[in-house]
Amino acid sequence: MSITDGQSHFDAVFLQLIKQLNISQKEAVSTLDGPTLVLAGPGTGKTQLIAAKVGKILMDSDTLPKNILCLTFTDAGVNALRNRLVQYIGPEGHKVQVLTFHAFCNQIIQQNRYHFGQNNLEPISDLERIDIIRMILDELPWDNPLKKGYANAHQFEREWQSLIQWMKKENYKVADLIEKIDEYCNQMPSLPEFKYKRKQGTFNVGDLKEGLYQDFLQKYARLREAVRLFDVYEQEKNLRHRYDYEDMILWVLKAFQDKPYFLSLYQEQFLYVLLDEFQDTNGAQFALVQTLLNYWDTPNLFIVGDEDQSIYEFQGARIKHLQDVKDKYGDDLHLVQLKENYRSTQGILNTAFAFIQRNTLTSSLKNQGNVSPQPLIAASALRQIDSTPIVVEYGSIFQEEADLVHSLKNLFKKGVNPGQVAIIFRNNRQGDQLVRLFEKNSIPYHTSRPINILHTPIVFKIRRIIQYLIQEWKETDRGESEFLPLLYHAHWEISMSDIGKLNKIKVTSDLSWHQIMTDETIWGSIGIENSQPLKRAYRFFQDALKQGLNKALPAFLEYIINKSGLLKATLKQKDSILQVQILNTLVNFCEKSVEREPNISVIDWMLMMDRMQDNHLAISLEMPQVSNESVHLLTAHRAKGLEFEYVFMYDCVQSEWEGKSNNTGVFSFPPTLKMEPETDELEASRRLFYVAMTRASQFLQIGFGKENTVGKPRMPTLFISELLEDKLVHFEQRIYPGFFCPHRI
DNA sequence: GACAATGATATTTTT
DNA sequence: TATCATTGTC
């Protein structure tokens, strides 16, 4: 046993955990060696299982924690697993390598900088990437296809950026792509879709549609140019000692493949590899794992995944990787299916199971050995109660909203904790609507949509203050025009009438603000009512002008926040928790900026934020504690991995769930170059719907309104029809004639 | 009824 | 920028 004697407490905890595992979980945990694939449906205790597996490896072999590698996709997944590990096996859990794919590769790059050709590499930031892209675009002549005809030199920066990322993800080479593009351009004039099939005006049958043809030629000329410039981007990025997220995976993969010695270092270290959420692996990540394990015919590989919950296909994830694993290891693969669910009632599980059975592309693994398609079994006796999900049809989306508010208030009255309620929808903008609804009805809510703090009033205020100081540093009185708006900030507590009086003096005299703010005889002559706040404000600016040049940037920022009185005023506000969190995020961002660029000046830092704002880049609010007292508003994607007692699926209409893919901000590709289409969009959507349904532990309502906000009819999503057709749900109509939208007025 | 030209409208997410 | 819906022609 490798766990030391001082850990007897954790041994007991761990043994207890092992005892509690059900039969299939025990089966998955107990086979130590060789590849194991665990099919883990929703709520089957996946994180617990992986933690137990790690504990078992440590207990039954002489493997050290650092020889175990656990890979997932998100930081959230890493945190969840890490916490569980420490809980069960104690401090030793910290030594297990629990990482995201990107963090794993980044660590390897950082540990072996010489291997990767440079010794001062840093991951590129969004802003740096934009800078490089803009610089290259700026240097192009105006008749370049990417600029010709556009006043904005950066017209195609987003498209180009996503093209670069796509090329890296799919590992495409510049020359191959250009060849494919040229091939199609040559074909175009002879293709039927570019010819008139009928006499039209002066054109005869068979004539070339000149306008259409020219449009496409121009489009592909742009694409060709963007592809060609890929190497220029790479060059410039390398010159600056930076690398992309995509590079992290690709570079390590390439190093593993090209340098056997390098690979063997890691093959010797990692004796056990555990992969979580395997259905989300993209091609590069899968190749990386395969390369890492290629030393063994039957590696100690433990994979956990559920093909029905694969919802990141649009990011390159492929379900077929699960089948690939089966094909690769054949009979050596230990296939286990978890059959018990610890989350939901049997009613919900039955409905969800029958629903996902409509997906046919994904069932290849589910009929092998002791694995068979069947509903998950509710593990707890409490979960046996009937709780068939309900589909509700409303007269309009307004009625659905009103009824939602009504239902929630009733639940709260019954004593239900708002934190146990989730509203799940497809697209973020549906959530925005709900935010307004909940605000009006004073329902506590929590939205997971990231907030860009650059757009918050408090950050805006701080930037204005610093902006003024910068002007004054450059030259006294240079900030004149920016001074007055600063006085209006509420935290100084200067009265409106006093500001008005000061401003009147300012515009009717030649006095500078410095003169006005220091001369109390002027204040007396115009009848200032309360001079204290004025003195405080002006003293702050004077002190800040002196202090700013003596302090390091983060300290200066904190100085501004504290001494201006902004923090004190913020603490008094109703939403002070949020506001303070915004301030924290800003300070953290500032510290990070200094880390990246130790010599950054206040001016540079301010310009950086200006540029971020111009480029729609965000400083995302960091929210550490998720309130347990408020209703969760979530997209189906974000709901993954979470569970709630009450789930309302809101606004489930066709246009939201089965909307066609819209590629804005992406270059269009010729048909000779289509991305691998081996995926079925409808099945992908159905999986997403399934993920949303299986978040519910005891109550699930699926709603839709027959009319939209302006009275146009809309269809429920196909998935609702399927549920009704299979008689898997209760159905109810709640149509209130003459009901418009009182709650919106 | 099929084709052609014109006009409104607009994802999901991580590192 | 691309697609769907609508209106306009043959």
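In what follows, chains carry the letters A, B, and so on, assigned in the order in which the sequence lines appear, proteins first and then strands, with residues in each chain numbered from 1.
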Considering just the side-chain nitrogens and oxygens of A:R222, establish if one lies under 4.0 Å of OP1 or OP2 belonging to C:dT1.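 For C:dT1, OP1 or OP2 has a side-chain N or O of A:R222 closer than 4.0 Å.
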Would you say B:dT11 has OP1 or OP2 under 4.0 Å from some side-chain N or O of A:R426?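 So the side chain of A:R426 is outside the cut-off, no N or O lying under 4.0 Å from OP1 or OP2 of B:dT11.
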Roughly how many Å is it from [atom1] in [X] to [atom2] in [N], rounded to a whole number?
X      : N      : atom1 : atom2 : value
A:F73  : B:dT13 : CZ    : P     : 17 Å
A:D215 : B:dA5  : CG    : P     : 12 Å
A:Y312 : B:dT13 : OH    : P     : 7 Å
A:Q654 : B:dT11 : CD    : P     : 17 Å
A:L288 : B:dT15 : CG    : C1'   : 14 Å
A:Q214 : C:dT1  : CD    : P     : 15 Å
A:W160 : C:dT1  : CH2   : P     : 17 Å
A:Y213 : B:dA4  : OH    : P     : 18 Å

[X] side chain, from C-beta outward: closest of [options]:
X      : options               : result
A:H637 : B:dT15, B:dT12, C:dA2 : B:dT12
A:T74  : C:dA2, B:dT13, B:dT15 : B:dT15
A:T635 : B:dT13, C:dA2, B:dT14 : B:dT13

Given that A:K195 and A:N428 both sit by DNA chain B, which one's nearest nucleotide is further toward the 5' end?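 Comparing both residues, the 5'-ward one is A:K195.
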If you restrict it to nitrogen or oxygen atoms, what contacts under 3.5 Å exist between nucleotides 1-3 of chain B and the protein, and what is each distance?
residue, atom, partner, partner atom, Å
B:dA2, N3, A:R198, NH1, 3.1
B:dC3, O4', A:R198, NH1, 3.4
B:dC3, O2, A:R198, NH1, 3.3
B:dC3, O2, A:R198, NH2, 2.9

Using the P atom in both, what is the distance from B:dT11 to C:dA5, to the nearest Å?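 Result for the P pair: 16 Å, nearest Å.
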Mind running salt bridge (charged side-chain N to carboxylate O under 4.0 Å, His left out) on A:R436 and A:E401 for me, showing each step along the way? CA-CA 11 Å; A:R436 288 193 286 274; A:E401 288 176 3; over 6 Å; no
Do A:L723 and A:F689 have side chains that get closer than 4.5 Å, going by heavy atoms?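 A:L723 vs A:F689: side chains touch.
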Contacts of type side chain to side chain donor-acceptor pair (under 3.5 Å), residue A:R611, not counting sequence neighbours: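 Result, side chain to side chain donor-acceptor pair (under 3.5 Å) vs A:R611: A:D131.
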Reckon A:D75 touches a base, only the sugar-phosphate, or nothing at all at heavy-atom distances under 4.0 Å?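 Sugar-phosphate, backbone atoms only, no base.
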When all nucleic acid strands are considered with a 4.0 Å heavy-atom cut-off, which category describes A:F425: base, sugar-phosphate, or nothing?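 The answer is nothing, as A:F425 stays clear of every strand by at least 4.0 Å.
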List the steps and the verdict of salt bridge (charged side-chain N to carboxylate O under 4.0 Å, His left out) for A:D215 and A:K219. CA-CA 6 Å; A:D215 277 358; A:K219 222 160 48 183; over 6 Å; no
Can you tell me how the ring of A:F438 sits relative to the ring of A:Y445, calling it parallel under 30°, perpendicular over 60° and tilted otherwise?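 Aromatic pair A:F438/A:Y445 classed perpendicular.
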For salt bridge (charged side-chain N to carboxylate O under 4.0 Å, His left out), just list the numbers for A:E159 and A:R222, CA-CA rounded to whole Å, side-chain angles, deciding distance to a tenth of an Å, and then say yes or no. CA-CA 10 Å; A:E159 284 88 343; A:R222 277 199 292 263; over 6 Å; no
Are there over 12 heavy-atom neighbours, none belonging to A:Q187, within less than 6.0 Å of that residue's CD?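 Counting neighbours around CD of A:Q187, more than 12 heavy atoms of other residues, nucleotides or ligands fall under 6.0 Å, so yes.
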